[in-house]
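Computed from heavy atoms alone, side chains included, the values below leave out hydrogens, waters and symmetry copies. Chain A is the first sequence line, chain B the second, and so forth, proteins listed ahead of strands; every chain is numbered from 1.
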Number of protein chains: 2
Amino acid sequence: MNISDVAKYAGVSKTTVSRVLMNSGLVKVETRDKVLKAIREMNYVPNTSAQMLAKKHNKIIGVICGYDVSDPFFGAMNNYIFDACRKCGYLALFASSNGESDGCDDEIAMLYGKVDGYILCGQKNNLPKNVEKIIDMKMPVALFKIKYVKKGAISVDIDNRKGGELAAEYLYGKGYRKIGYMGSVQSGFQESCERHDGFAEALSQHGLKIKMYFEAKRDNRTAYKFADKVIKSGVDAVFCDTDMMAYGLVYALQKKGISIPKDIAVLGFDDVHFLNFEPAVLLSTVSQPMQKMASCIVKAIIGKIEDDIPYGESQVFDCRIVERETT
Amino acid sequence: MNISDVAKYAGVSKTTVSRVLMNSGLVKVETRDKVLKAIREMNYVPNTSAQMLAKKHNKIIGVICGYDVSDPFFGAMNNYIFDACRKCGYLALFASSNGESDGCDDEIAMLYGKVDGYILCGQKNNLPKNVEKIIDMKMPVALFKIKYVKKGAISVDIDNRKGGELAAEYLYGKGYRKIGYMGSVQSGFQESCERHDGFAEALSQHGLKIKMYFEAKRDNRTAYKFADKVIKSGVDAVFCDTDMMAYGLVYALQKKGISIPKDIAVLGFDDVHFLNFEPAVLLSTVSQPMQKMASCIVKAIIGKIEDDIPYGESQVFDCRIVERETT
DNA sequence: TTCTGTATTGAAACCGCTACCATTTAGAAG
DNA sequence: CTTCTAAATGGTAGCGGTTTCAATACAGAA
């Protein structure tokens with residue numbers, strides 16, 4: 001069943017049916033109703049590929065994620081992106097490279113022709129090359145939470161440095177003076193470096209230094225193992241620049257009988273909803289406006305797709321402290 | 001740039017290029033090489049929509065999930081499905097209804113025309129109606145881990161009852177005799193009911209009964225709150241029919257100074273990899289062969305899509321015990 | 001040399017929809 | 001009752017592939 005059948009049934013031309021379908025507005029009201037009735041009665045759904053072929057786009061945005069989606073933080077992130085797309089009538093087609101492959105050439109190729117634009121998120125190798133490639137293909141690209149500014153590519157991120165400052169100010173304000181930092185600066189995680197810099201700088205404004213730095217991976221497993229070192233270091237608060245770390249640490253400290261936040265306070269970063277199950281770990285954290293950010297990037301890329309709107313190339317969002325029970 | 005350009009460049013007809021593209025085999029070797037060379041040199045990629053329009057399919061499978069994807073178990077599940085699709089040259093297009101809406105009519109409609117078949121997974125309302133609807137649309141449907149058998153719909157699941165039995169036998173074998181059960185039988189979760197039945201039955205074979213039943217939601221939060229009740233009940237082991245529950249319980253018990261498994265053993269169900277971070281909670285559990293299952297369902301539905309292969313309508317997999325440190 | 005059969009190739013129709021342009025219709029103005 | 005203009009509708013050419021069917025080439029057989 002196709003548009004011609006509907007046209008025949010409604011006693012009009014294909015063109016008119018198409019116009020009704022597209023809400024083009026130049027159809028007499030009664031004709032429109034006749035067509036709509038036919039569509040309803042025949043249970044007709046237009047063929048997406050044909051539309052795409054004619055219109056040159058799909059209403060699908062490709063999302064290439066360089067992370068493990070079973071990590072609640074990223075799972076939630078994908079959800080936000082999905083919802084933002086849906087609100088605009090788009091679908092999100094996810095492809096995860098799991099950060100394994102060298103770059104994400106495969107993923108880009110897999111999605112090519114099926115999507116109207118690409119959102120890249122998470123850590124990946126060869127990022128510049130990949131972005132370049134997508135731009136060469138004349139496809140819209142947007143970078144979500146990636147530190148890389150490139151003319152022609154939309155970019156949405158938080159101000160990590162400011163986030164770090166915020167954390168430091170907060171802990172200082174609460175009276176903590178022997179403050180530790182857990183992050184992944186040495187392994188070169190940009191976001192960690194920036195948060196660290198902001199944090200250190202803000203502390204130094206108060207004449208303080210980071211009492212002890214703990215280099216961990218960005219997960220709960222390694223953070224967990226640091227419990228003893230943290231205790232021995234004599235800090236009264238630790239800022240973990242990822243909730244997953246904070247979470248692992250809190251868990252380990254609690255198990256060792258440390259009272260949180262009385263003995264040691266813990267502050268996270270990300271606000272991973274899934275982890276904050278009452279009453280176990282009501283983690284204090286630096287929260288990112290993920291929903292707004294997702295909505296922003298999706299709208300920007302759709303603007304680019306549909307109207308080639310010149311968008312603000314780079315959007316930076318602020319974080320805020322969410323005080324719960326670990327500080 | 002399109003197939004005609006390539007044809008012109010290579011000095012052959014569109015048809016020949018198309019044949020090369022499709023590996024149809026009726027092209028002379030040297031012609032084929034010529035065409036391949038042209039394709040390579042021009043960096044040509046065929047237009048997916050056009051292919052789809054002509055061939056009648058997309059190489060995309062729609063996955064409608066009625067759960068929260070930021071739950072690590074489901075996040076991982078989606079990953080397995082994605083990988084299985086990719087191995088077969090397909091893409092998975094996820095749409096999550098988050099179990100909120102009445103059924104998943106919206107999701108089915110959103111994906112219509114973009115996908116070659118549907119995989120439904122997770123709890124949802126109005127399941128039979130939705131399955132019926134998809135069958136009426138003449139689209140392949142497959143049900144993943146859903147208890148509903150319908151002629152015309154592929155179904156892949158584990159044997160939950162047997163899983164329950166396995167758990168009981170295992171705990172009994174380890175010498176536990178005062179065994180508790182935490183599940184969602186009263187709220188009517190099919191999978192929980194079946195696991196519970198199998199568990200209870202296997203215990204009764206040994207002249208035992210479930211010492212205490214705890215009705216919880218299928219997450220860590222509520223399970224956490226049961227710690228006191230569990231302790232007071234005097235059990236020496238608890239079988240939680242979901243890892244998330246087991247996890248919440250273990251956490252709470254440890255925090256209260258209970259030694260696991262010496263004082264109380266805990267056995268989970270699902271084998272959620274993400275939660276098993278060393279050395280915090282190395283949860284003993286009933287593991288499902290998720291990877292195999294995902295691969296099975298994807299192959300079945302692709303068979304249906306491509307060759308209308310009469311597939312085994314219903315596949316049931318077995319679980320196995322994974323012993324770690326909580327038993 | 002001519003004929004027959006098979007291996008290659010190409011022309012054109014088609015997939016279902018949109019977009020451009022032409023045509024018809026209706027209503028207002030003269 | 002024309003004439004003119006704007007609104008409504010229809011015809012048809014793409015979009016970029018695949019597929020059917022016909023045409024050609026070439027080999028071996030008669």
Q) How many Å lie between OH on B:Y44 and C1' on D:dG17, as a whole number? A) 7 Å

Q. B:V12 near the nucleic acid: base, sugar-phosphate alone, or nothing, with a heavy-atom cut-off under 4.0 Å?
A. sugar-phosphate

Q) Are A:Y67 and A:N78 close enough, and set up right, to give a side-chain hydrogen bond (donor to acceptor under 3.5 Å, both in side chains), and what steps lead you there? A) CA-CA 11 Å; A:Y67 40 72; A:N78 282 4; 2.7 Å; yes

Q | Side-chain ion pair, B:E306 and B:K55, N-O less than 4.0 Å | A | no

Q: Tell me whether the OP1 or OP2 atom of D:dG16 has a side-chain N or O from B:Q51 closer than 4.0 Å.
A: no

Q.
For a quick test of reading the model, state the closest non-hydrogen atom pair linking A:I135 to A:V141 and the distance between them.
A. CG1-CG2, 3.7 Å

(Q) Using a heavy-atom cut-off of 4.0 Å across all strands, would you classify A:V17 as base, sugar-phosphate, or nothing? (A) nothing

Q: Specify the separation, in whole Å, of atom CZ of B:R19 and atom C1' of C:dG10.
A: 8 Å

Q.
Mind checking if B:T31 touches a base, just sugar-phosphate, or nothing, with heavy atoms under 4.0 Å?
A. sugar-phosphate

Q) Under the 3.5 Å rule, do the base of D:dG11 and the side chain of A:T15 count as making a donor-acceptor pair? A) yes

**Q.** Whole-Å distance separating the NE2 atom of A:H57 from the C1' atom of D:dG16
**A.** 17 Å

Q: Output yes when B:K59 and B:D116 qualify as a salt bridge under the 4.0 Å nitrogen-oxygen rule, no when they do not.
A: no

Q. Nearest-Å distance, CG (B:L26) to P (D:dC21)?
A. 15 Å

Q. Do other residues, nucleotides or ligands put more than 12 heavy atoms under 6.0 Å from the CZ atom of B:R32?
A. no

Q | A:S13 and A:T16: side chain donor to acceptor below 3.5 Å | A | yes

Q. Roughly, in whole Å, what's the span from CD1 in B:I3 to P in D:dG14?
A. 18 Å

Q: Work out how much the helix from C:dT1-D:dA30 to C:dG30-D:dC1 bends between its end axes, five pairs an end, to the nearest 10 degrees.
A: 60°

(Q) Looking at A:K299, I want to see if its NZ is surrounded by more than 12 non-hydrogen atoms of other residues, nucleotides or ligands under 6.0 Å. (A) no

Q: Between B:K56 and B:G11, just flag the one whose closest nucleotide in DNA chain C comes earlier from the 5' side.
A: B:G11

(Q) Between P on C:dA7 and CZ on B:R32, what's the gap in Å once rounded to a whole number? (A) 17 Å

Q: Quick one: label B:M52 by what it contacts on the DNA or RNA (base, sugar-phosphate, nothing), any heavy atom closer than 4.0 Å.
A: nothing

Q) Looking at the side chain of A:N2, which of C:dC17, C:dT18, D:dT18 is the nearest nucleotide? A) C:dC17

Q.
Which nucleotide wins on minimum distance to the side chain of B:S18, given the candidates C:dT18, D:dT18, D:dT9?
A. D:dT18

(Q) So, does A:K28 get its side chain near the phosphate of C:dT25, meaning an N or O under 4.0 Å from OP1 or OP2? (A) no

Q) Between A:T16 and D:dT9, does any side-chain N or O lie under 4.0 Å from OP1 or OP2? A) no

Q. Hey, does B:K14 reach any base, or is it just sugar-phosphate, or nothing, if we go heavy atoms under 4.0 Å?
A. base

Q. Between D:dT9 atom P and A:D33 atom CG, what is the distance in whole Å?
A. 11 Å

Q: Using whole Å, report how far CG of A:D5 lies from C1' of C:dC14.
A: 15 Å

Q | Partner set under side chain to side chain contact (heavy atoms under 4.5 Å, CB included) for A:Y9, not counting sequence neighbours | A | A:A38, A:E41, A:M42

